[in-house]
Amino acid sequence: MKKIIFCTALVISFVFVSFKKNDSGVTLKEVDVKAPFEMPAIKIPDFSNCKEFSITDFGAVAGDLNKTSEAISKAIAKASKSGGGIVVIPEGEWLTKKIHFKSNVNLHLKKGAVLLFSENPKDYLPAVRSTWEGYECYNYSPLIYAYQCKNIAITGEGELKAKMDVWKQWFARPKAHMESLKMLYYLASYNKPMKERQMVNDTANFRPQFIQFNRCENILMEGVTITNSPFWTIHPFLSKDVVLRNLNVYAHGHNNDGVDPEMSQNVLIENCVFDQGDDAIAIKSGSNQDAWRLNTPSKNIVMRNCIVKNGHQLVAIGSELSGGIENVFIDNCTVVDGAKLNHLLFIKTNERRGGYVKNVHMTNITSGKIDEGILGIETDVLYQWRNLVPTIERRLTPIQNVYLENVKATNVKFISRILAQKELPVENVFLKNVTAQNVQGEKSIHENVKNFSAQN
């Protein structure tokens, strides 16, 4: 057996901030995060010396969807063109359509400000380059969308809120929707060009993400409340250097994860509160051939000092993980007693995914009752895809080097359940001081695991 080393004292995180200027005039901060792996400094923008642009100066009128949407767009363009600026949403409720970012822009919501997003799908057209469950496609624009932007921020004490009337109707997955899923699966599997992946029609009903940072760099979200979401709530996709802090995220619809870092690197999630209908954090890296082509792992992701009130898992890894996932650190988080939760850490994949998972650390976690168990690893999770489409290319997922230390819950079915394939066992899983007051069944339920250790 390999030597097991737990270095609790060495993985206590801290923040070191230095300052750099870039040629846009926006100040860049470097946030240095201590982790049990080499973690590069994260660059985020500082707009404290930038000019403010209130949307009311550009014609925004409370309750007027068109005027407010146009005003926000004009203010963003002006702020970006000036080399860096703060677009201010004043106190009050402002009904809006989609918001598209440009580089060097900070969207700032004053205390008492509410940006209320229309539920009309037509307000999120024309279609933009986006994703659906790990596959790239053209779909309805996310409610807030940034594509190939640098130095962007969403800050303040206000609220981003989605009207859900129509999106709720789209939660159902009727036959027409499933047929569109099948079509996208085949288009991606055979590497068809993006122009053929048009998923906006009367039957697909692919709900947009609330906030998507697509191929962006140097991103900050701080302080705001996010209420409701048509689909995934915060989605950094193929992005780099992301800090999400002091957020309150509530979304209890279908596929309503809190944060979905996908093929993104250098991500810090801290001091946030999550109340989700799905996973609090779902770390992904794309699906199958699409992700193998992009070949970009999700890497260097740290979650610390967060509170989870509800969610399927505290942290889920997969099942869209075909690009690979490595260097994940979850520290000092609390799941409140009475929360609806399946696992604290759940790693899931299937025979189509390939990719890999390695170097995952979870430390200093406190939880109440969990419906399933503390750690789950399963390699045959296909959900609706199992009978929908065939496996076109079979690739298994190596999973190794998973560390849990100082994790406790009150009532669970098991401490760890690891179900892997005989031809590719899960390797190197180490638990230290991982306990529950009451375990209803076997503590460890394992199939095909090499080098497992539990020290209490």
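For the residue pair Ala436 and Val412, the shortest heavy atom distance occurs at CB-CG2, 3.6 Å. Residues Gly311 and Leu341 come closest through the heavy atom pair O-CD1, 2.8 Å. Taking all atoms of both residues into account, the shortest heavy-atom contact from Pro142 to Lys98 is O-CB, 4.2 Å. Across Ala339 and Lys309, no two heavy atoms sit closer than the pair CB-O, 2.9 Å. Residue Asn350 comes nearest to Val381 through the heavy atom pair ND2-O, 3.0 Å, listed as atom of the first residue, atom of the second, then distance. Heavy atoms only, all atoms of each residue included: Lys340 and Asn310 are closest at N-OD1, 2.9 Å.
Heavy atoms of other residues, nucleotides or ligands lying less than 6.0 angstrom from NZ of Lys348 number more than 12. Around the CD atom of Glu38, the shell of radius 6.0 Å holds no more than 12 heavy atoms that belong to other residues, nucleotides or ligands. Counting heavy-atom neighbours within 6.0 Å of Asn456 CG, excluding the residue itself, gives a total above 12. The number of heavy-atom neighbours closer than 6.0 Å to NZ of Lys97, taken from other residues, nucleotides and ligands shown, is above 12.
Of the possible polar contacts, one joining the Ser298 side chain to the Met263 backbone as a donor-acceptor pair under 3.5 Å is found. Under a 3.5 Å cut-off, the side chain of Ser229 and the backbone N or O of Trp232 do form a donor-acceptor pair. No donor-acceptor distance shorter than 3.5 angstrom exists from the side chain of Arg352 to the backbone of Ser287, with no hydrogens or angles considered. Formation of a donor-acceptor pair under 3.5 Å by the Ser264 side chain with backbone atoms of Ser239 is found in this model.
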Q: Could you give me the CA-CA distance, side-chain angles and deciding distance for Thr349 and Ile399, then say whether side chain to side chain contact (heavy atoms under 4.5 Å, CB included) is met?
A: CA-CA 10 Å; Thr349 186; Ile399 300 171; 4.2 Å; yes
Q: Evaluate the criterion side chain to side chain contact (heavy atoms under 4.5 Å, CB included) for residue pair Leu344 and Met362; output intermediate values, then yes/no.
A: CA-CA 9 Å; Leu344 294 180; Met362 175 176 276; 4.2 Å; yes
Q | Stepwise salt bridge (Lys or Arg N to Asp or Glu O under 4.0 Å) test for Asp337 and Lys369 | A | CA-CA 7 Å; Asp337 196 25; Lys369 179 182 181 295; over 6 Å; no
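Ring orientation note: the planes of Tyr145 and Tyr147 are close to parallel, at an angle under 30° on the 30°/60° scale. A tilted orientation is assigned to the rings of Tyr140 and Trp170, their planes being inclined by 30° to 60°.
The one candidate from Lys192, Arg197, Arg353 that meets the salt bridge (charged side-chain N to carboxylate O under 4.0 Å, His left out) condition with Asp290 is Arg197. Across Asn106, Leu160, Leu244, a single residue satisfies side chain to side chain contact (heavy atoms under 4.5 Å, CB included) together with Ile154, and that is Leu160. In summary, of the residues considered (Asp331, Asn406, Asn332, Asn433), a side chain to side chain donor-acceptor pair (under 3.5 Å) with Thr363 occurs for Asp331 alone.
The salt bridge (charged side-chain N to carboxylate O under 4.0 Å, His left out) pairs that include a residue from residues 433-449 number zero, where partners must be two or more places apart or lie in different chains. The list of ring pair (Phe, Tyr, Trp, His ring centres under 6.0 Å) pairs with a residue in residues 199-220, not counting sequence neighbours, reads Phe117-Phe210, Trp132-Phe206, His177-Phe206. Evaluation of the ring pair (Phe, Tyr, Trp, His ring centres under 6.0 Å) test over residues 245-299, restricted to residues two or more places apart or in two chains, returns Tyr250-His252. The salt bridge (charged side-chain N to carboxylate O under 4.0 Å, His left out) contacts involving residues 140-166 comprise Glu119-Lys163, where partners must be two or more places apart or lie in separate chains.
The line from NE2 of His343 to CG of Leu375 is 8.0 Å long, rounded to the nearest 0.5 Å. To the nearest 0.5 angstrom, Ser322 atom OG is 10.5 Å from Leu294 atom CG. Note that the OG atom of Ser69 and the CG atom of Leu95 stand 7.0 Å from one another [nearest 0.5 Å]. Taking NZ from Lys408 and OG1 from Thr410, the interatomic distance works out to 11.0 Å, rounded to the nearest 0.5 Å. Taking CG of Leu268 as the reference point, atom CZ of Arg304 lies at 5.0 Å (rounded to 0.5 Å). In this structure, Thr296 OG1 and Arg215 CZ are separated by 9.0 Å, a value rounded to the nearest 0.5 Å.
Taking the six-membered ring wherever Trp is involved, the centroid distance between the rings of Trp385 and Tyr185 falls below 6.0 Å.
A salt bridge does not link Glu133 with Arg207: none of the charged nitrogens is closer than 4.0 Å to a carboxylate oxygen.
Every residue meeting the side chain to side chain donor-acceptor pair (under 3.5 Å) condition with Gln212, not counting sequence neighbours, appears here in chain and number order: Ser130, Asn214, His235. Residues that satisfy the side-chain contact (heavy atoms from CB on, under 4.5 Å) test with Glu222, not counting sequence neighbours, are Thr155, Leu220, Arg245, Asn246.
With a 6.0 Å cutoff to the six-membered ring centre and a 45° limit on the axis angle, Lys358 counts as a cation-pi contact of Tyr356.
At a threshold of 4.5 Å between non-hydrogen side-chain atoms, the residues Leu65 and Ser118 count as touching.
Inspection of the Tyr135 and Asn288 side chains reveals an N or O donor paired with an N or O acceptor under 3.5 Å.
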